[in-house]
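When reading the values below, keep in mind they use all heavy atoms of this one structure, side chains included, and skip hydrogens, waters and symmetry mates. Each chain gets a letter, A, B and so on, in the order its sequence line appears, and its residues count up from 1. Please read these numbers as outputs of a predicted model, since none were measured by experiment.
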Amino acid sequence: MIGANGFSQIEELTPEEQAYRDSIKALNLENEAIANSQEAYNRGIELFTQKKFNDAIKEFDKSIKFDPQFTAAYYNKGVAQNEIQKFNEAVKTLSKLIELKSDYSKAFFQRGRAYQGLSDYLNAELDYDKSIKLDASNPKAYYNYGTLRFLQQDYDGAIKHFSKTIELDADFVNAYNDRGSSYRMKKEYSKALADYETALRKNPKMAFVLNNIGTTKTKMKDYAGALAAFNRAVSIDANFHLAYNNRGVVQMHQNRLDDAIKDFNKALQVKSDYSPAASNISGIYFKKKEYQKALEYANKAIQMDNNNAAAYVNRGMAKEMLRDMNGACEDWQKASELGSEAGQQYYSGNCGI
Amino acid sequence: MKRIFITGLLSLLITSVYGQNVEFKSANFKDDKDGLKKATDNIKSGDEFFELGNEAIFQVQSPGLNYELALNHYLKAQEFNPNNALLNFKIGVCYANSPYANKCIPYLYKANELDPSCDHFMNFYYGVALQLDEKFDEAVKAYEAFESEYRKADNFNKFVSKRKRECRDASGAIQDPIRAWVDNVPALNSEYNDYAPSISTDGAEIIYTSDRPNGHTPNKAGSYDKDIYSSSISERKWSAPQQLKGGVNTTSDDVSNNLSYDGTKMLLHREVDGQYDIFESSLNGYNWTSPTTMPFQISSKRANERFAAYSEDGWSIYFNRDNENRSNGFDVMYSSMQSKVQKNYMAAQMISTVNSKFNEGPIYITIDGEKMYIASQGEGSYGGYDIFVSERSQGTWGKPKNMGYPINTPYDDFFFSSTANGKYAYIASNRKGGQGGYDIYKVTFWGPPKAPVMASEDYLLASIVNPMKDNSIESTVEVKKKSFTVFKGKTIDHMTKKPVEAEIEITDNATGKTIETFTTNSATGKFIITLASGKNYGIAVKAEGYLFHSENFDIPEGSADNLVNKVIELKNIAVGSKIALRNVFFDTGKSTLRPESNTELDRLVKLLKDVPSLKIEISGHTDNTGSASLNATLSQDRAEVVVKYLVSKGIAGSRMTAKGYGSSKPVASNNTASGRQENRRTEFEIKAN
C-alpha cells in the first residue's frame, strides 16, 4: 500500500491546538479505561459461566476499578458472591450498586437473597418488597418473600406470596410445593396434598415432593398412601435417606417393626451420620423391649448429633427401663432444654424427686 | 381352732429326699434318752403356745407371741430330730403365721414329704407353702384335697375358699404385672422386721418401725420392742437410719403410722393397757415431742386402734379399729374435726365401701385426696395383706382394687406412702429375697406407657433441596476500542508554498464512505480534524486551478503520539505536470485492478469531466526488480487497464494514452524499500489543456 510519506510534519502547535489535542488525548484515555473495564467484565462472565466464581469476582472487581460507574459489573459481582455464599460481601457490593442505581429491581432481589443467607430476614423482606415494588412481574421475588414468611411461621402470608408467584408463573413448581407445605403447617392437609400433587404433575421427578406427600399422609394416618409415596420417592432417588427413614416410621405405625428397622438402616447406609434414623431404631428396640439395644442406638444417634432431642427422649426411656433413673432424668431434662415436649413431659412426670 | 394330733400311722413305704419319718420314740433314740426327753418336753411346751396361736388366727385375731414362743421350743426339738413329719409341720405353721413366713416353705414341704397325713391341716398348710412359693396350681390342688378331707362343721372352709381365690388371682396377676418396679432398700433394712414406712411427699424423709436390737430388754420370745427410726435422702441415698430423737420411742412397742405430708407431724400407735391406741407427735427442731393420745373418738377405751393416717386437708384422721362384736377384724374408720382450733373430733364412722370380712391394715391418703391406699387381707388379696387402692368419686370412696403384682405377692404387702408426683412409693413386705422378716421396699412406677419419639423429616421448602437461584447475570458487552488522532495540516502551493484554500475529502478506505469534507482556511490553508485511530484513510484535495491531489494513509491504533501533522502541496494543472495516483492498487504482479482503486479513479474521471480540455497520458511504472521486459509489459498492461476503466466511465479514449515505462522513470532510489515503493506507481501526465 502506498504510504503517507508525501506529508511533512509541522512541529509547533498553537495553544488552542494544543488544548484541542489534550482534550482528545483525555478522551482516548477514558475510552481506553472503558474498553479495559468491558474486557474484564466479559472475562468475568466467561469465568462465571465456568462456575469459577472467585476468579469471576476478581475480574468484575477490575472492571469496576476501570469504570466505577459500570453497574452491570457490580450486579454480576454480587450474584457471584451470592453463589459462593459470601453474603456479607454480596450485601456490600449490592448496596454500592443500589447507591449508583436506586431503581435496580434485580439488585434489591439479590441483596434480599444475601440478607436471607445471613438469616437477616427483616432486611431480606424489605429488599424483596422493594424489588417487587420496582418490578412487580418477578415471580422469584414473591417466592423468596413467601419462603421468608414461612420461616417466620406466617403461613397465611406465605400462601399469599406463593399464590402470587404461581399467578405470574404457572410453572413455578417450587411455589406449589411450598404453598402445600404452608397449608400443611396449618393442618389443612387436603389442600396441602392438592398443591403437592400439582407440583408433582409439573415435575414428576421430584422425590422430595413425594416425601412431603408421604409425611402428610402419615399425619393423616393414611399409612398405605404414605407408603406408596415413599416407595415412589425412593424409586426416583434410590439414595433419598429421608424417604427411607420416613417409610420406617410408617412401618412402625403399621407395627412392622423389623421392616421399620430395615428402612432406618437403609437410611443410615445412605447417610452414615443420619442421627434421626439411629434414634428411630432406638425407638423400635424400645417397643420391642430390647432396652440395651435401644440404649446403644440412642447413644449412636447422640454421637451423630448431640442436639437430637428425640434421641435424648428415647435414650432416657431405655435408661429408665435399664434402671438408670438418674441417667434417664438427665436425658429427659436435656431433651426438654432442646425443646422436646415429650422430654418435658417425661421429666416433669418422673423426675425431680 | 382345735388341733388334732396324729399319732402312729406311719407308712413304711415312704421314701424321699427327706428320708423316713422318725418318731420321737425311745426305740429310735436308744442311745440318747435324755435328749429324747428334752425334745419331747420342748414339743409339749411348744404345743401349748401353738394351740393358742391357732385359736387366735382362727378368730381373725393376732396370734401374739404364741407362735414365736412355740417356735423357740420346737426348734430345739428339731435340732434333736429333724426328720419328724409332725414337728416339721408345726414349725412350718409357726413360721407361716409369722413375719418370717417364707421360712415355712422347707418345713412344710418336708412334713408333707415325710408323712402327708401327719396332721389334718397338712394339706391346708402345704397349700400355704405352695402358694407362697408361687406354685399356684399345686396350691389349689392341695387346698381342694384339704376341703375333701375336712369334716368339721365349723366355718374354716371360708379360709380355704379364700386361699383358692387368692391363688387364682395371684396366678393371673403374675402373668400381667403392672408397670412398676419393687426394689428392696438395703440401706433401711435389717435381718429383723423393718416396716411401716412413711415418707414426706418430697420423698426426702422417711420414718419407719423396726424391732432390731435397740438396747432394751427383749421379750420372753427374745424379740426387742419396736422403735421408730428415721432416715433422709442425701445424694439420692438414704442415710444410716437412726432412732427418732425426742420422746417418741419407749421400751414398749412404738409403731409409726403416718408422717404428715410436710414431715412435721406423725401418727403412731402404742399398746396401752392391753390395747392399741393412736398417738400424735410433732417435730420440734430436731426432736419429736412426746406423743399425745388422740381424742377418745379415735383412741377409744373399748377397742384397738392402729394404722392412722392424716387426710389431705388435715381435717380428718383415718384409722383401723377392731370390734369385739364382729369377726371381721380391723376395719377402716375416720373421724373429722369440727374446728381446727378446738380440734373437737366427731364420732368415728366406718367406711363400709372399703371394708372387707377380713383385717384391713395400714391406710394412706394421697396429697390430692383422690386416692386411699389400704392394706387388706380381704377379698382380692394374693395372700396375706395386699395393698388396695380406693378412688374417691363425688365424696364416696370406691371399691378398693388390688394394686397388682409385683407390688402385691402371696406374702404380706402393706403400708404405702408415696411422693407427691406419684412416681415413687414405699411399702413393706416379707416377700422372699428380703433381708429377714419385713423389709422396706421402694416402688418405682413407670407411669403411663411411654411412646418413643419417632422422627420423620421433610424438605418442606423446596428451596432447601432446590435453591431458588436467580443467578442470571447481566450479559456481555461489545468492547469498542475508540481512540482518536488529531489530524492537522495545511494546503499550500507546491511551487510558491503559499496557503491555498482547498477542498478536502477524507474517505474510509475500508468502507468507501466519505467521513469528512471540509475546506481549508483561505488565509492560512490550515485545517485540524479528529479521526478514529486504527484505520486506513484516503484523502483527496481539490483546489481551483490546481492539480487534484490524493493519497492514502494509516492512522495506527493506540498511537502514543495521537497527532498526524501534514502539509499538502498542490500543483497547478500545467501541461507536463505529473501526478502519481497513489490510491490505485493492483493485485501483486498482475494487472487486475482492485476495487479499492475506484475512489481515486472516479476522482480522475471527475477531473477529466470537470476539465474537458484535459488530455492525459496514463503511465505505469515499476521498480527495478525483476525482468525489465516483464516490468515493461506489466506497466503497459496496468496503464491500459486504467485507461479502459476510465473509458468505461465515459471518458473518450482519444483524450488518453496508455504507456508502460517499466522501471525506466524512477522517482526515487531503487536501493531502498521505501524508494522502490515510491517507484511502483501509476501516474498521469497532463499532455494538453
Non-hydrogen atoms of chain B under 4.5 Å away: do they reach the side chain of A:Ala342, the backbone, both or neither?
side chain
Region of A:Glu30 that comes under 4.5 Å of a non-hydrogen atom in chain B:
neither
May I ask you to establish whether B:Lys566 and B:Phe487 are in a cation-pi arrangement, using a distance under 6.0 Å from NZ or CZ to the six-membered ring centre and at most 45° from the ring axis?
no
Would you call the rings of B:Tyr459 and A:Phe240 parallel, tilted or perpendicular, where under 30° means parallel and over 60° means perpendicular?
parallel
When you measure from the centre of the six-membered ring of A:Tyr75, is the NZ or CZ of A:Lys106 under 6.0 Å away and within 45° of the axis?
yes
Chain B: which of A:Leu29, A:Asn31, A:Asn246, A:Val249 shares the most heavy-atom pairs with it under 4.5 Å?
A:Asn246
Sort A:Phe53 into side chain, backbone, both or neither according to what part of it lies under 4.5 angstrom from a heavy atom of chain B.
neither
Trace of the salt bridge (Lys or Arg N to Asp or Glu O under 4.0 Å) decision for B:Lys237 with B:Glu235
CA-CA 5 Å; B:Lys237 283 183 182 156; B:Glu235 294 186 356; over 6 Å; no
Side chain, backbone, both or neither: which part of B:Thr444 has an atom under 4.5 Å from a heavy atom of chain A?
side chain
Contacts of A:Lys219 meeting salt bridge (Lys or Arg N to Asp or Glu O under 4.0 Å) (sequence neighbours excluded), chain-then-number -> none
With chain B, which of A:Val313, A:Val209, A:Leu27, A:Thr215 has the greatest number of heavy-atom pairs at distances under 4.5 Å?
A:Thr215
Structural part of A:Ile24 lying under 4.5 Å from a heavy atom of chain B
both
Max heavy-atom pair count under 4.5 Å with chain A, selected residue of B:Phe484, B:Trp181, B:Phe445:
B:Trp181
Is it possible for you to check whether B:Lys442 lies under 6.0 Å from the centre of the six-membered ring of B:Tyr424, through NZ or CZ, and within 45° of that ring's axis?
yes
Pair B:Asp458 + A:Arg184, salt bridge at N-O below 4.0 Å
yes
With B:Arg582 as reference, evaluate B:Glu600, B:Glu551, B:Glu678 under the salt bridge (Lys or Arg N to Asp or Glu O under 4.0 Å) test and give the passing residue.
B:Glu678
Quick check on A:Asn314 against chain B: is it the side chain, the backbone, both or neither that has a heavy atom closer than 4.5 Å?
side chain
So for A:Tyr176, is it side chain, backbone, both, or neither that comes closer than 4.5 Å to the heavy atoms of chain B?
neither
So, are B:Asp554 and B:Lys535 salt-bridged, with charged N and O less than 4.0 Å apart?
no
Go through the atoms of A:Phe70 and report whether side chain, backbone, both or neither lie under 4.5 Å from a heavy atom of chain B.
side chain
Is it the side chain or the backbone of A:Phe230 that comes within 4.5 Å of chain B heavy atoms, both, or neither?
neither
Which of the residues A:Met321, A:Lys287, A:His241, A:Arg247 is involved in the greatest number of heavy-atom pairs with chain B at under 4.5 angstrom?
A:Met321
Under 4.5 Å from a heavy atom of chain B, the part of A:Asn245 involved:
side chain
